[in-house]
2 protein chains.
Amino acid sequence: MNELAKGVGAGAFTRRHLLERLAAMGGSAMLLAGMDALGFGIGSAMAAPPKLEGKPKKNKVLVLGAGNAGLAAAYELTQAGYQVTVVEARSFAGGRAQTARKGFRLTELGGTEQVCDYDEGLYLNHGPWRIPYHHHSTLHYTKKFGVPLELFNNDNDASFIYFEKGKGPLAGKPIRKREIVADTLGYSSEILAKLSQQKALNTELSDADREQLIEFLVHFGALDKKDLSYKGVPGRGFVVDPGAGTNPGPGTPTTPYKFADVLNSGLWHMVQGISEWDQQRTMFQPFNGMEQIPKAIAKNLPDGMIKFSTEVQQIRQTPKGVTAMVNGPAGAETLTADWMICTIPLSVLKAIDNGLSQPFKDAMAKCAYAPVGKIGLQMKRRFWEEDHSIYGGHVFCDNPDINNIALPSTGWQSQKGVLLGYYNFGPNAAKVSAKSPADRATMAVDYGQKVFPAYKDSYETSFSVAWHRVKYNLGGWGMWSDEARKSAYPVLCEPDGRIYLAGEHMSYIGGWQAGAFESAWQQVERLHARAMKG
Amino acid sequence: MNELAKGVGAGAFTRRHLLERLAAMGGSAMLLAGMDALGFGIGSAMAAPPKLEGKPKKNKVLVLGAGNAGLAAAYELTQAGYQVTVVEARSFAGGRAQTARKGFRLTELGGTEQVCDYDEGLYLNHGPWRIPYHHHSTLHYTKKFGVPLELFNNDNDASFIYFEKGKGPLAGKPIRKREIVADTLGYSSEILAKLSQQKALNTELSDADREQLIEFLVHFGALDKKDLSYKGVPGRGFVVDPGAGTNPGPGTPTTPYKFADVLNSGLWHMVQGISEWDQQRTMFQPFNGMEQIPKAIAKNLPDGMIKFSTEVQQIRQTPKGVTAMVNGPAGAETLTADWMICTIPLSVLKAIDNGLSQPFKDAMAKCAYAPVGKIGLQMKRRFWEEDHSIYGGHVFCDNPDINNIALPSTGWQSQKGVLLGYYNFGPNAAKVSAKSPADRATMAVDYGQKVFPAYKDSYETSFSVAWHRVKYNLGGWGMWSDEARKSAYPVLCEPDGRIYLAGEHMSYIGGWQAGAFESAWQQVERLHARAMKG
Ligand SMILES: Cc1cc2nc3c(=O)[nH]c(=O)nc-3n(C[C@H](O)[C@H](O)[C@H](O)COP(=O)(O)OP(=O)(O)OC[C@H]3O[C@@H](n4cnc5c(N)ncnc54)[C@H](O)[C@@H]3O)c2cc1C
Ligand SMILES: Cc1cc2nc3c(=O)[nH]c(=O)nc-3n(C[C@H](O)[C@H](O)[C@H](O)COP(=O)(O)OP(=O)(O)OC[C@H]3O[C@@H](n4cnc5c(N)ncnc54)[C@H](O)[C@@H]3O)c2cc1C
């Protein structure tokens, strides 16, 4: 494993799979995420914002960036009596937590302007799209500000897996996940159960334990109690579903695949024991788009606190305070304050005349940013629901230009829908993002057609994003190698004089909104402790 | 396995588990559901109602019962030009598809009246509560009539399992499902992987297949690639969640239980390979209660078509037509028609002066009805969400008086909620239902307190039902033994003269609304074919 830029990405449909893929690709050091990182970066520790008690001596704070980190910092500081100004380059709050809907505009660096023309009411969360149940900080704000949630269907037994590169008869065909789960687990349970019965086991399990193990395997793998063999299970699906009367009556069950065929297909990559920490059930999304979260926080800030469309161009500090030279609708001006919380992504901050110390600059250089792309395809008919009974979830594909076709977890049974046509990372994101939006759509639609016969005919319009080409972000999320986590990250966790960094990159929940919120909470708490001292 | 009354029940939190339990209980023949039945009764075959073309010669139809079967029959027949009258004993449409909310009244046989006093906006689906993605007929009507759906969270990695009867240190403690899944699958993968490596396998797998199997197990069980051992996995959870900065930074992972402890606890009963066919993701519920489905169908019937609060007391037929003597608000009257579709549950129909043929009567006698109980407890605080991050799903318990504490899949993050305090079957349902509603609540609350520290303090009010004690139902659903499926059920699938039976009991999707809808569709189609002939 390469040392550089090991990191995490909310993007990966499963992190483990992404890592395997990245490892297989080799090459680009920046993109190799380390296996070790899997243990980290994937949870959320603080359930509530810090209590900031007392009256700080110096209370003027400049917050750079009105993404979720900046908004949370501004909100908590304001509640504690601070005088806050937020500077935001974009014309809206939320940063990466954007939602594309009719009229939403995006011009990638070097690209032409895309104007989203989805039908009224349809949208794509082209940035963050799901919230794990243990992201307490994100859920703190949805609760506090009454942002209605709905379940995000992150795991659907009925959805397809589509692998072209495997061997054998299952390659290049959409296969129901339920079939692969049933057969993989059925057959491997059968083998283990039979071995256990033959006492082939050479473990610390007692005879009684072994009996329990066999009982478990019979249950788990749906084995025949008598001969311990796997012969299929109703849960893998029916050729003719059970129904009324005597015809169809009990229906016609499906027949298992051969174990060797399942193994050779590679489809087992999509079968997991426990889901990864940040991909587990239960997951949420806000009704009507992820942007509802930053919108709700912004609405609860004093009017005018955020200076929109105002770009920070220079940062300076003295022992007494901080300044930011900004350029906004009213021209250039210099803002001053006692403290600064800077949530500008490091990818962007590096290139600003930031006046930070050399150790800080060196440390920032060690955080790489992930190329990430998404496309939302508006379909005039929800064929995945109507023709295939697939309601939400993901179709996992082994073409890394696509990775993941995700079906919307909202608007069930309505006429149209926007599905995610690809979710690509690293070199594949770079490659695909070199195409024009129209060509990206063609690529995505051609691919989807292989999975769903009605894809091409149903396609109406697209909106795509390549985050590494988005000004003010220059990447999906920060990635730390093991080495950089040790040598560079801790440097940036400390303030540089009066300047505190916050944002998803300043956490072990990188690539998630919770990382942004919790780093803001932590830095706000530390700033307050210091401000109380004077 | 006993021969009698093998059947299925939507009720079971998992059918397999219910069957195991019933088998373990032995005793009451009526309650022994056969393993064979598992392959059946659990799907839905018809995607759309039959097309009824042409003008029938004799077109007057009496539909008995305005549950989902009766409503669907009435709707489809009306669309096809039939003249329909529906007779319903209750004052509302929907039959079992009821929702208890403020003011809902229920008097069980021999019981006192319960008036539901949940807060405005809160409710309990004390009958049907979830809709599998493959129940095309149920989903046909939600779509056709625009009944808004939301996901029903039927499987939550974060929820607890609470088993008191196992051995060892995990007994009598609420244990997170994710821990048990991770450890059970991790350890069993480890054993199989090691055996495979030692070439202990004596199967038809080739060497290459075996390598793939090991690769799969490493992936599936989260094994150490080098020594193939299971050492835990982030997905099982954290002692301290990962977070911001360097503290908590990466967080503190949890340590696996001992495999023997997991095996002895019995908690592995809740770990399955593929979920059962009718318990799979994805599941739905209508917004604001299951009653929305029958309400929507009823609204689309001509005004006055349903005679409410009108009890069928006698059924007769001649070669030319049918009559029903009914007793309603306007007193007794005799209704006549050319045909009859009778959806009255067999448990009830048996005891009516029904004039059916002797073979029909004999066949009806062979269908047993399941005792089933549910209780909904209103909690003044959603402690399961707030204190434990459990959003929906089930807490499975090994006390069969309780079985299942289910957390609501609606009203996320709001103040109050109604949770399901028990879901019991068979003798346990009979036993619990002998208590007064107040005593049932006490029992349920005392038990829940063992799982959730805030249970008792949060409890406000309850509503409970014992379906076997509910007039016009006398049981949760019909249960067919293998023998009765062969000898009796096919008899009832044919018309008795001009009388057609429909309802969930006339299907292999018993205990599900889809069974009611699809049997209605099937019988309507057959009736129409005959009516076209004259
Ligand atoms: C494709 C994708 C999928 C994701 N999926 C999920 C998910 O499912 N769930 C989840 O929780 N998270 C997800 N994330 C991560 C989540 O979006 C981020 O972690 C979070 O939004 C970052 O917030 P932030 O405040 O740290 O940064 P940002 O939101 O990037 O905020 C930084 C702000 O600084 C502003 N800025 C930049 N430069 C300047 C300047 N010079 N002057 C003034 N302002 C400036 C920017 O405009 C922006 O508003 C995803 C991200 C991506 C890209
Ligand atoms: C506890 C429980 C949980 C369930 N869970 C689910 C679930 O999650 N999902 C799901 O899809 N299904 C579930 N079901 C099953 C579902 O409720 C039934 O399959 C379905 O509602 C049955 O419809 P039906 O029309 O066949 O019968 P019913 O709804 O019982 O309709 C029969 C009608 O006949 C009327 N009637 C009876 N006697 C007379 C008389 N003498 N005169 C006039 N009218 C009379 C009754 O009042 C009633 O309206 C559950 C059922 C129960 C009890």
Side-chain angles (χ1 to χ4, degrees), chain A residues 39-46 133-134 143 149 151 153 155-158 178 181-182 185 191-192 195 200 203 209 212 216 220-221 234-236 238 241-246 248-251 260 263 268 273-277 280-282 389 391-392 412-413 490 493 507-509 518-519 522, chain B residues 39-46 133-134 143 149 151 153 155-158 178 181-182 185 191-192 195 200 203 209 212 216 220-221 234-236 238 241-246 248-251 260 263 268 273-277 280-282 389 391-392 412-413 490 493 507-509 518-519 522:
Chain A
F40 308 148
I42 49 174
S44 152
M46 298 172 86
Y133 67 93
H134 49 73
K143 181 164 184 178
L149 299 178
L151 292 175
N153 196 13
D155 194 353
N156 185 343
D157 292 318
R178 61 180 186 235
V181 174
L185 303 187
I191 298 177
L192 182 51
L195 289 171
T203 69
D209 294 343
Q212 285 270 310
F216 162 69
F220 179 71
R236 85 185 293 291
F238 286 81
D241 283 5
T246 53
L263 287 174
W268 53 262
I274 187 67
S275 301
E276 323 222 345
W277 181 234
Q280 278 179 12
R281 296 177 296 270
T282 301
S389 298
Y391 295 87
W412 309 115
Q413 299 198 310
C493 291
S507 77
Y508 279 77
I509 332 173
E518 289 172 41
S519 76
Q522 187 166 93
Chain B
F40 308 148
I42 48 173
S44 151
M46 298 171 86
Y133 66 92
H134 49 73
K143 180 165 184 175
L149 299 178
L151 292 175
N153 196 12
D155 194 353
N156 185 343
D157 293 317
R178 61 181 185 234
V181 174
L185 304 186
I191 298 176
L192 182 51
L195 289 171
T203 70
D209 293 343
Q212 286 269 310
F216 161 69
F220 179 70
R236 84 185 295 289
F238 286 82
D241 283 6
T246 52
L263 287 174
W268 53 262
I274 189 67
S275 301
E276 324 225 342
W277 181 234
Q280 279 179 14
R281 298 178 296 269
T282 301
S389 298
Y391 295 87
W412 308 114
Q413 299 199 310
C493 292
S507 77
Y508 280 77
I509 332 173
E518 288 171 41
S519 77
Q522 188 165 92

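Note that the coordinates shown come from a computational prediction; the quantities given were computed from them, not determined experimentally. Order of the sequence lines sets the chain letters (A, B, ...), proteins ahead of strands, with each chain counted from 1.
Legend: residues meeting side-chain contact (heavy atoms from CB on, under 4.5 Å) with Ala158(B), ordered by chain and number and at least two apart, are Tyr133(A), Asn156(B), Arg176(B), Arg178(B).
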**Q.** Candidate pair Trp268(B) and Gln212(A), rule side-chain contact (heavy atoms from CB on, under 4.5 Å), full reasoning
**A.** CA-CA 10 Å; Trp268(B) 53 262; Gln212(A) 285 270 310; 3.2 Å; yes
Q | Verdict with reasoning, Trp412(B) to Leu151(A), per side-chain contact (heavy atoms from CB on, under 4.5 Å) | A | CA-CA 9 Å; Trp412(B) 308 114; Leu151(A) 292 175; 3.5 Å; yes
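Scanning both residues, Gly245(A) and Cys493(B), for their nearest heavy atoms gives CA-SG, 3.7 Å. The minimum heavy-atom distance linking Asp157(B) with Ser275(A) is given by the pair OD2-OG, 4.1 Å. Scanning all heavy atoms of the two residues, the minimum distance from Gly235(B) to Ile274(A) falls at O-CG1, 3.6 Å. Shown here for Ala260(B) and Asp209(A), the closest heavy-atom pair between the two residues is CB-OD2, 3.5 Å.
Of the listed residues Thr282(B), Val181(B), Leu149(B), the one with more heavy-atom pairs under 4.5 angstrom with chain A than any other is Thr282(B).
The CG atom of Leu195(A) sits 10.5 Å away from atom CD1 of Ile191(B), with the distance rounded to the nearest 0.5 Å.
Listed for the Gln413(B) side chain is a donor-acceptor partner under 3.5 Å among the backbone atoms of Lys143(A).
Side-chain atoms of His134(A) and Pro242(B), non-hydrogen and from C-beta on, never get closer than 4.5 Å to each other.
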